[in-house]
Amino acid sequence: MDWWLHVRRVPAVCAGLAACLVLGAVADSVQVPVPVVVGGVSFAFPLPFLLPLAPVCLILYGQSRGGSAIEVTAVRPVRLWDTAFMTACAVLMLAGGRLVSSMTGHILAAGMARNFLGYLGLALLLRTFTSLHIAAMSVTLFPIACAAFGVRHGTPASWAWPLHEPTHLPAFVAALALGPPDWPPPLSHGLRAGQRPCPAGTADLSGPAR
């Protein structure tokens, strides 16, 4: 368990989630101007909608550490722990966003929780098919691209779910659709073609299968 907590950077992720909720409550009025390519000069992107990128990148980094071959054959239920951890993070963000919104009246906190679900699902989906760095860079640039190309005359397009108000149900459904089915990515991801998974606690000396 200590190994898993260290490899997955669980303390850092928890600190990132807490900081996200606190900053989302106190920085509700802060906006980031993003140039709009079509139909406007700029879009005022609420900062709370961008804050979830920090804990998501921490989770992505933790999921990319460790040996995939060892995890596949490990006695420890690594995949179950990963799924439970990400589910707990999602529940924490949803409950925390709801609590902040009800206590402060800042409804953007609920949108912040929604975006956390969508960013995390998108990041893990991209990590399944690409590298850590490409997935992290892509998910970070995605909301900026939504603001630059998905806004016309101040109105976000239907596919630009990170930009919509928290009360916009289709945006929440779109973010949720990216979530649980992709949590976590397959543990076999990262094995070289033809490589045999090695038993837990042993070195990988098998090489490519003959």
Side-chain angles (χ1 to χ4, degrees), residues 1-21 51-98 112-140 142-143 161-162 172-209:
M1 188 67 174
D2 291 340
W3 166 84
W4 178 81
L5 292 172
H6 173 73
V7 169
R8 296 304 191 227
R9 291 289 191 262
V10 174
V13 172
C14 293
L17 291 173
C20 186
L21 288 171
L51 290 175
L53 289 171
V56 164
C57 288
L58 287 172
I59 293 175
L60 186 63
Y61 174 66
Q63 287 293 312
S64 300
R65 302 178 76 240
S68 296
I70 294 177
E71 291 178 10
V72 168
T73 57
V75 176
R76 304 180 183 91
V78 177
R79 185 173 177 83
L80 179 61
W81 290 351
D82 288 342
T83 303
F85 175 59
M86 289 185 224
T87 302
C89 290
V91 171
L92 175 63
M93 284 296 294
L94 288 172
R98 180 81 175 183
M112 178 178 63
R114 174 203 63 199
N115 284 8
F116 174 81
L117 293 177
Y119 293 156
L120 181 59
L122 179 61
L124 295 177
L125 180 64
L126 291 171
R127 179 65 184 94
T128 303
F129 302 103
T130 64
S131 67
L132 164 66
H133 300 293
I134 292 177
M137 181 175 62
S138 299
V139 75
T140 301
F142 175 69
W161 52 264
F172 181 80
V173 172
L176 188 62
L178 290 169
D182 307 316
W183 299 354
L187 291 175
S188 58
H189 178 68
L191 289 175
R192 296 188 298 273
Q195 182 181 1
R196 301 187 187 98
C198 58
T202 63
D204 180 13
L205 302 177
S206 61

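Using a 4.5 Å heavy-atom cutoff, the side chains of M93 and C20 are in contact. At a threshold of 4.5 Å between non-hydrogen side-chain atoms, the residues P162 and Y119 count as touching.
Of the inter-residue distances, the one linking L178 atom CG with L126 atom CG reads 9.5 Å to the nearest 0.5 angstrom. Rounded to the nearest 0.5 angstrom, W81 CH2 and M86 CE are separated by 14.0 Å. Distance check: R127 CZ to Q63 CD gives 9.5 Å after rounding to the nearest 0.5 Å. Here L120 contributes atom CG and N115 contributes atom CG; the two are 12.0 Å apart, rounded to the nearest 0.5 Å. The CZ atom of F172 sits 9.0 Å away from the CZ atom of R114 when rounded to the nearest 0.5 Å. Within the model, atoms CD1 of I59 and OG of S64 stand 11.5 Å from one another, a figure rounded to the nearest 0.5 Å.
G96 and L21 make their closest contact through C-CD2, 3.8 Å (heavy atoms, listed as atom of the first residue, atom of the second, distance). Closest non-hydrogen pair, A136 versus T140, comes out as O-OG1, 2.7 Å. Minimum interatomic distance between V56 and A123 (heavy atoms only, all atoms of both residues): CG1-CB, 3.9 Å. Among all heavy-atom pairs drawn from H6 and R9, the shortest one is O-NH1, 2.9 Å.
For the pair R8 (side chain) and G62 (backbone), a donor-acceptor distance under 3.5 Å is present.
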Would L94 and L117 satisfy side chain to side chain contact (heavy atoms under 4.5 Å, CB included), going step by step from the backbone distance to the final call? CA-CA 9 Å; L94 288 172; L117 293 177; 3.9 Å; yes
Does L60 form a side chain to side chain contact (heavy atoms under 4.5 Å, CB included) with L132? I'd like the steps, not just the answer. CA-CA 7 Å; L60 186 63; L132 164 66; 3.7 Å; yes
Verdict with reasoning, C89 to F116, per side chain to side chain contact (heavy atoms under 4.5 Å, CB included): CA-CA 9 Å; C89 290; F116 174 81; 3.9 Å; yes
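Partners of F85 under the ring pair (Phe, Tyr, Trp, His ring centres under 6.0 Å) rule, at least two apart in sequence or in another chain, are W4. Residues passing the side chain to side chain contact (heavy atoms under 4.5 Å, CB included) test with L92 are L17, sequence neighbours excluded.
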